[in-house]
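Along the sequence shown, residues carry numbers from 1. Note that the coordinates shown come from a computational prediction; the quantities given were computed from them, not determined experimentally.
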Amino acid sequence: MGKSVSTEFNEEVLKAHNEYRKQHGVPPLMLCKKLNREAQQYSEALVSTGILKHSPESSHGQCGENLAWASYDQTGNFAVMVWKNTKKMGVGKASASDGSCFVGDRYFPAGNAVNQGFFEENILLLKK
């Protein structure tokens with residue numbers, strides 16, 4: 001039995017994250033079923049509203065979040081992808097009736113904090 005399209009997509013996103021994280025000298029992420037489920041549910045909620053807006057969980061610092069909407073597949077918000085202290089991620093993707101899609105990635109522990117010193121401690125210089 002082959003992998004589902006969503007499983008393949010999640011693994012591709014994880015691989016891309018970990019390639020960038022390696023370049024920045026931070027440990028790889030692992031996919032988390034709970035975060036995948038939450039990210040998928042929130043991506044579906046975004047499709048139903050058509051509004052790209054961070055989740056309450058992200059807004060309250062319970063998880064990191066990287067959202068994208070396009071008529072083609074893409075990801076954004078690079079800093080959260082290579083945040084050193086983040087250990088796990090989840091991926092969600094939902095398609096709208098017009099063919100566009102919403103992608104939501106969730107990260108734990110939450111990263112990309114602007115508190116003094118956090119950015120410098122967690123975003124390492126690119127290794128050559």
Side-chain angles (χ1 to χ4, degrees):
M1 187 169 159
K3 294 180 183 177
S4 70
V5 172
S6 63
T7 299
E8 287 181 11
F9 179 76
N10 293 1
E11 289 175 358
E12 286 178 28
V13 172
L14 176 67
K15 181 180 177 185
H17 275 71
N18 285 337
E19 287 173 0
Y20 283 113
R21 290 177 66 84
K22 183 177 181 179
Q23 292 175 11
H24 284 264
V26 297
L29 296 175
M30 296 178 358
L31 279 176
C32 170
K33 288 180 183 179
K34 178 181 183 283
L35 293 174
N36 278 343
R37 185 175 55 253
E38 291 172 356
Q40 182 63 40
Q41 289 170 345
Y42 195 62
S43 293
E44 291 171 5
L46 292 173
V47 164
S48 70
T49 64
I51 299 170
L52 188 63
K53 176 182 173 184
H54 282 289
S55 69
E57 295 85 1
S58 174
S59 298
H60 295 127
Q62 296 168 332
C63 66
E65 201 163 63
N66 188 359
L67 304 176
W69 171 86
S71 57
Y72 55 91
D73 288 345
Q74 69 175 17
T75 61
N77 296 335
F78 183 73
V80 73
M81 291 173 62
V82 297
W83 196 261
K84 180 182 175 184
N85 287 331
T86 297
K87 307 295 182 214
K88 300 185 282 187
M89 74 172 295
V91 180
K93 178 181 176 185
S95 297
S97 59
D98 66 359
S100 64
C101 69
F102 287 85
V103 175
D105 299 333
R106 290 220 171 163
Y107 306 89
F108 186 83
N112 211 10
V114 293
N115 299 352
Q116 187 174 358
F118 278 23
F119 194 86
E120 295 80 4
E121 291 173 15
N122 286 282
I123 300 296
L124 306 180
L125 295 177
L126 184 64
K127 292 190 172 194
K128 296 186 180 203

Apart from Met30 itself, what residues make up its hydrophobic cluster when side-chain heavy atoms of I, L, V, M, F, W and Y under 4.5 Å apart count as a link, directly or indirectly? none

Hey, could you give me the [atom1]/[atom2] distance between [X] and [Y], rounded to the nearest 0.5 Å?
| X | Y | atom1 | atom2 | value |
| --- | --- | --- | --- | --- |
| His24 | Met81 | NE2 | CE | 9.0 Å |
| Thr49 | Glu44 | OG1 | CD | 12.0 Å |
| His54 | Leu46 | NE2 | CG | 10.0 Å |
| Ser55 | Gln41 | OG | CD | 11.5 Å |

Answer yes or no: is there a side-chain heavy-atom contact under 4.5 Å between [X] and [Y]?
| X | Y | value |
| --- | --- | --- |
| Phe102 | Leu52 | yes |
| Ile123 | Lys84 | no |
| Val13 | Met89 | yes |
| Pro28 | Arg21 | no |

Does the [X] side chain pair with the main chain of [Y], one donor and one acceptor, at a distance under 3.5 Å?
| X | Y | value |
| --- | --- | --- |
| Ser43 | Ala94 | no |
| Asn122 | Asn85 | yes |
| Thr86 | Pro109 | yes |
| Asn18 | Leu29 | yes |
| Gln40 | Lys93 | yes |

With the 4.5 Å side-chain cut-off for hydrophobic clustering, are [X] and [Y] part of the same group?
| X | Y | answer |
| --- | --- | --- |
| Tyr42 | Phe108 | no |
| Trp83 | Leu31 | yes |
| Phe118 | Val80 | yes |
| Tyr107 | Val26 | no |
| Phe119 | Leu124 | no |

Which pair of heavy atoms, one from Lys53 and one from Leu67, lies closest together, and at what distance? O-CD1, 3.4 Å

Looking at every heavy atom in both Ala110 and Gly61, which two are closest together, and how far apart are they? CB-O, 3.7 Å

Only distances under 3.5 Å count here; give the side-chain donor-acceptor pairs of residues 32-39 to other protein atoms, sequence neighbours excluded, each with its distance to 0.1 Å.
from  : atom 1 : to     : atom 2 : distance (Å)
Lys34 : NZ     : Glu38  : OE2    : 2.7
Asn36 : OD1    : Val91  : N      : 2.7
Glu38 : OE1    : Arg106 : NH1    : 3.4

What residues form a side chain to side chain donor-acceptor pair (under 3.5 Å) with Glu121, not counting sequence neighbours? none

